[in-house]
Novice: 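Encoded as structure tokens, here's the structure I'll be asking about.
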Amino acid sequence: PPTLVAEIGAQVARGLQYAHSLADKGKLLGIVHRDVTPHNVLLSFDGAVKLTDFGIAKASTTHTAPGVLKGKFAYMAPEQARGEMVDSRTDIFALAVVLWEMLTGGRLFDGDSELAVLRAVQESLIAPPNRLNPDVPAELSDIILKALSRPPHERHATAFDFERALATFVLRAAK
């Protein structure tokens with residue numbers, strides 16, 4: 001159900017915010033997960049949501065070697081797919097892809113080759129989730145679409161902002 005998807009998303013966003021806010025001696029580390037995918041979001045039997053596999057996480061101040069892409073292509077933000085600098089908004093985009101797929105039951109970015117998937121990340125039309133699943137309220141669809149904005153500056157500024165938007169939706173839906 002859309003409200004459960006939003007609650008799961010809010011909890012993952014909370015975990016991302018924690019990682020993004022990690023500091024050493026008062027200096028932000030700039031941790032970016034870079035691999036937020038369905039396989040790395042775990043749900044326990046008691047309802048706890050966990051984000052796992054920080055294996056390719058890195059500080060946003062360091063660069064990946066030119067020509068090297070790390071992560072699953074279908075969940076990469078456009079800037080990550082282009083090999084540009086990544087930051088917390090990169091993880092927000094990836095989480096939004098996961099939530100879009102949970103709400104619609106389909107793949108957002110697909111192709112018959114890795115290159116086709118990367119091209120889809122850059123260019124394909126992103127349909128609002130409520131167009132594909134009429135059970136998705138317009139408010140939740142709009143929250144997801146904002147997080148899927150291709151220009152990073154148009155996304156939620158922080159994972160906390162994304163969490164707050166999703167949690168607010170959950171609270172409104174509970175009334």
Side-chain angles (χ1 to χ4, degrees), residues 1-24 28-60 64 68-81 86-110 114 117-118 120-121 126 129-130 132-133 135-137 139-141 143-148 152 155-174:
T3 304
L4 181 57
V5 170
E7 176 58 26
I8 291 167
Q11 290 189 40
V12 173
R14 185 175 310 124
L16 286 171
Q17 182 62 36
Y18 177 82
H20 296 160
S21 300
L22 286 174
D24 182 29
L28 279 180
L29 296 174
I31 299 294
V32 181
H33 189 284
R34 300 192 311 163
D35 198 24
V36 179
T37 65
H39 302 93
N40 292 334
V41 176
L42 304 179
L43 303 173
S44 72
F45 289 109
D46 63 354
V49 179
K50 305 289 183 186
L51 178 61
T52 64
D53 196 0
F54 280 77
I56 66 169
K58 66 183 268 238
S60 62
T64 300
V68 176
L69 292 178
K70 295 199 174 198
K72 293 170 190 74
F73 293 166
Y75 299 91
M76 285 186 177
E79 65 276 10
Q80 183 180 6
V86 298
D87 64 21
S88 61
R89 297 167 299 180
T90 303
D91 287 341
I92 291 167
F93 185 95
L95 175 55
V97 174
V98 172
L99 299 179
W100 188 98
E101 291 182 353
M102 289 173 70
L103 291 168
T104 66
R107 289 288 295 241
L108 179 54
F109 302 119
D110 209 357
E114 290 180 341
V117 172
L118 287 173
V121 168
I126 298 174
N130 62 348
L132 300 169
N133 178 355
D135 293 334
V136 177
E139 178 186 1
L140 180 56
S141 194
I143 292 166
I144 301 300
L145 285 178
K146 178 175 180 162
L148 288 171
R155 297 178 203 145
H156 303 272
T158 65
F160 175 76
D161 292 341
F162 193 25
E163 174 196 358
R164 185 173 35 195
L166 291 166
T168 299
F169 166 79
V170 170
L171 288 174
R172 284 193 188 120

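We use all heavy atoms of the structure for the numbers below, so side chains are in, but hydrogens, waters and symmetry mates are not.
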Novice: How far apart are the closest heavy atoms of P152 and E79, and which atoms are they?
Specialist: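 Nearest heavy atoms, P152 then E79: CG-OE1, 3.6 Å.
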Novice: Provide the closest heavy-atom pair for A81 versus M76 in the form atom of the first, atom of the second, distance.
Specialist: CA-SD, 3.9 Å
Novice: For H156, what residues pass the ring-ring contact (aromatic ring centres under 6.0 Å, His included) criterion, not counting sequence neighbours?
Specialist: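 In terms of ring-ring contact (aromatic ring centres under 6.0 Å, His included), with neighbours along the sequence ignored, H156 is linked to F162.
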Novice: Could you tell me which residues satisfy side-chain contact (heavy atoms from CB on, under 4.5 Å) with P78, sequence neighbours excluded, listed by chain and number?
Specialist: R82, F93, V121, Q122, R150, R155
Novice: Considering the options L140, V136, L108, L148, which one meets the side-chain contact (heavy atoms from CB on, under 4.5 Å) requirement together with P129?
Specialist: V136
Novice: Between OG1 of T37 and CG of L51, what distance do you get to the nearest 0.5 Å?
Specialist: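 One gets 8.5 Å once the value is rounded to the nearest 0.5 Å.
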Novice: List the residues meeting side chain to side chain donor-acceptor pair (under 3.5 Å) with E114, not counting sequence neighbours, and say none if there are none.
Specialist: none
Novice: Tell me, please, which residues at least two apart from V5 pass side-chain contact (heavy atoms from CB on, under 4.5 Å).
Specialist: L99, M102, L103
Novice: Under 3.5 Å, side chain of D35 to main-chain N/O of D53, donor-acceptor pair present?
Specialist: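 No, the answer is negative, given that no donor and acceptor are paired below the 3.5 Å cut-off.
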Novice: State, to 0.1 Å, how close E163 and A10 come at their nearest heavy-atom pair, and which atoms those are.
Specialist: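 Nearest heavy atoms, E163 then A10: CG-O, 3.4 Å.
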Novice: Among all residues two or more places apart in sequence or in another chain, which pass the side-chain contact (heavy atoms from CB on, under 4.5 Å) test with A94?
Specialist: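 Expected list: V36.
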Novice: Taking only residues at least two apart or on different chains, which pairs with a member in residues 100-110 satisfy side-chain hydrogen bond (donor to acceptor under 3.5 Å, both in side chains)?
Specialist: Y75-E101
Novice: Which pair of non-hydrogen atoms, one from A6 and one from V170, has the smallest distance, and what is that distance?
Specialist: CB-CG2, 3.6 Å
Novice: Measure across H39 and L42 and return the closest heavy-atom pair with its distance rounded to 0.1 Å.
Specialist: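 Nearest heavy atoms, H39 then L42: O-CD2, 4.0 Å.
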Novice: Considering residues at least two apart in sequence or located in another chain, which fulfil the side chain to side chain donor-acceptor pair (under 3.5 Å) criterion with D161?
Specialist: T158, R164
Novice: Measuring from atom CD1 of I126 to atom CD1 of I144, what distance do you get when rounded to the nearest 0.5 angstrom?
Specialist: 11.5 Å
Novice: Take F109 and L118 through the test side-chain contact (heavy atoms from CB on, under 4.5 Å) and record every step on the way to the result.
Specialist: CA-CA 8 Å; F109 302 119; L118 287 173; over 6 Å; no
Novice: Can you tell which of V86, L95, T90, L16 makes a side-chain contact (heavy atoms from CB on, under 4.5 Å) with H33?
Specialist: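 When side-chain contact (heavy atoms from CB on, under 4.5 Å) is applied between H33 and each of V86, L95, T90, L16, only L16 qualifies.
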Novice: Grab the two heavy atoms, one from I92 and one from A147, that are nearest each other, plus how far apart they are.
Specialist: CG2-CB, 3.8 Å
Novice: For D135, what residues pass the side chain to side chain donor-acceptor pair (under 3.5 Å) criterion, not counting sequence neighbours?
Specialist: none
Novice: Taking side chain to side chain donor-acceptor pair (under 3.5 Å) as the test, write out the residues that go with Q17, two or more places apart.
Specialist: S21
Novice: Among residues at least two apart in sequence or on other chains, which ones pass side-chain contact (heavy atoms from CB on, under 4.5 Å) with D46?
Specialist: S44, A48
Novice: Under the salt bridge (Lys or Arg N to Asp or Glu O under 4.0 Å) test, which residues partner E7, sequence neighbours left out?
Specialist: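 In terms of salt bridge (Lys or Arg N to Asp or Glu O under 4.0 Å), with neighbours along the sequence ignored, E7 is linked to no residue.
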